[in-house]
Amino acid sequence: MSWRRRLAGLLCDMLSASLPEPNRDWALATRAEIAAIEKDADALAFALDAFCRLGAPGLACRLLRAAVKLSGDDGAVEDLPRLGGRDSPRCWPRAVGVASAFAACLMGLAYLAAAGAPFFYMAGNIAALALGLAMLSVVGRSLSRTQEGLGYVLLSLSLILLGTAALGEGASGATRWLRLGGVAVQPSLVLLPAMVVGFARSRTAPAVLAMILTAGALALQPDRATAGALCAGLSACVILRADRPGLAAFTASAIGWSVALMRADALAPAPFVDGVLASALDIHALLGLAMLGAMALLLAPGLLGSPRGAEAQETPFAFVAVWGVLFLAGAAGPYPTPVVGYGGSAIVGYLLSLALLPSRVTAPTEGRSALPGEVRTPPDRSLRLPLHHP
Amino acid sequence: MARARSLSAHARTVLAALLGADGGWSHGYELVRLAGIKSGTLYPLLIRLEAQGYLEAQWQQPAEGGRPPRHAYRLTEKGVQLARDNPPQTAAPAALGQAART
């Protein structure tokens, strides 16, 4: 067998390894075709081109499937992404979030290493990522579909925040932390984003009460950044649907934020935790840009996966508003920079907030019934993909 | 017509090649030559056509011994309709024109 044939066979093996399991037949099909092609050079060109055009999308699809499984998706296995079917990240907001969390944590580790942070800071962030993924997997499965009881869950969580304000660990007049097994945890960063996204899904009376108590807790701690994030998340909910529960929760959050702003916040910025963007820019402009890119990536699950309809957009919109304000606060003031800076609470909180987003959404190009007299175009539009010239 | 605008030129050419088989089965390399495209253009198209129900695929034992089974393709009824609704817009490759005439 010539080297060209052997190389063509190797490319087919690599293609098979790149493709998701339901698409493997296409790698076998390529191998069968090269066996039927007489000229070795033609066989190699056939295999090479198939590998070049299918290998990378196949690998991306495999990674997307892995992220979907990690994100606590509990839907039918046959509906998982595969080439030719639901292979757009827009259909999988939670999986996009998992991928974003991985990428942002990696960039955060690069920053911590470049800034000379102690090794255990990096180890702490990695451990938080693992813990957050485990929690996402469990919580995502149990909370992803049901609205029942969500309000009471939010109420319980708000009591934890209130308890932190009353009994938590303090520093320079701020009482925001709980010490769990020797580790200082900031419950507001762990719980608040998930709570706001949860409220966007379920505006029941217990959920409204939870938001009011949370606003009070953040004013008492005081925590300007998370109080502002709560207000921003609830304002996003009210913008899309201005009903009484939403307005009540928003008003309480606005009052809570105002009180937090008026109270003294003498906490000194912590290195590697606060002001990460400025610190990264001081090290190198590219590192600063990477931090900005990481923050944009972390907003992607809410920006990409917005389904149609105001009600369906509430959760992604609230997600973007909460995290957007937390990033803004971290960039502009002496507040923690979530996920990319040192601090496991925000990493766990980010992954927990993903659990409240839908795992699967219908992409804008899918699932729309044809209108009377209209020729349905969406299934065929994807056929425009292969525009490359032969 | 909306659908006519939405299909790529390559998709139309491949559909025409499959339609030219007149209900018979086609293989990948044969389609590559008929449509005048590369394998990397063909397979993503075939994957989408199959996923959307326009194409059926099956493994066929080759006539000659010692060769692996080949993946063969033909249009479903829905695919035939799609191909008829979306003929190639520009002059089809010579091989395709020849195949369509036979």
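In what follows, chains carry the letters A, B, and so on, assigned in the order in which the sequence lines appear, proteins first and then strands, with residues in each chain numbered from 1.
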Which atoms of A:I34 approach chain B - backbone, side chain, both or neither, heavy atom under 4.5 Å = neither
Would a 4.5 Å heavy-atom cut-off, applied to side chains only, mark A:L54 and B:I47 as touching?
-> yes
When you look at B:R48 and A:D87, which way does the side-chain contact (heavy atoms from CB on, under 4.5 Å) test go after all the steps?
-> CA-CA 11 Å; B:R48 300 238 170 233; A:D87 53 359; 2.7 Å; yes
Side chain, backbone, both or neither: which part of A:L83 has a non-hydrogen atom closer than 4.5 Å to chain B?
-> both
How many angstroms lie between atom OG of B:S39 and atom CD1 of A:I37, to the nearest 0.5 angstrom?
-> 8.0 Å
Mind checking whether A:W26 and B:Y73 have parallel, tilted or perpendicular rings, split at 30° and 60°?
-> parallel
Find the distance between CZ (A:F46) and OH (B:Y43) and round it off to the nearest 0.5 Å.
-> 3.5 Å
Looking only at heavy atoms, the pair that brings B:G40 and A:D49 closest together is N-OD2, 2.7 Å
Does atom CG of B:D22 have more than 12 heavy-atom neighbours from other groups under 6.0 Å away?
-> no
Is there a side-chain contact between A:D25 and B:H71, using heavy atoms and a 4.5 Å cut-off?
-> yes
Which pair of non-hydrogen atoms, one from B:W59 and one from A:A32, has the smallest distance, and what is that distance?
-> CZ3-CB, 4.3 Å
Side chains of residues 7-20 of chain A: which donor-acceptor partners sit under 3.5 Å, not counting sequence neighbours?
from: A:D13; atom 1: OD1; to: A:R31; atom 2: NH2; distance (Å): 2.4
from: A:D13; atom 1: OD2; to: A:R31; atom 2: NH2; distance (Å): 3.3
from: A:S18; atom 1: OG; to: A:M14; atom 2: O; distance (Å): 2.7

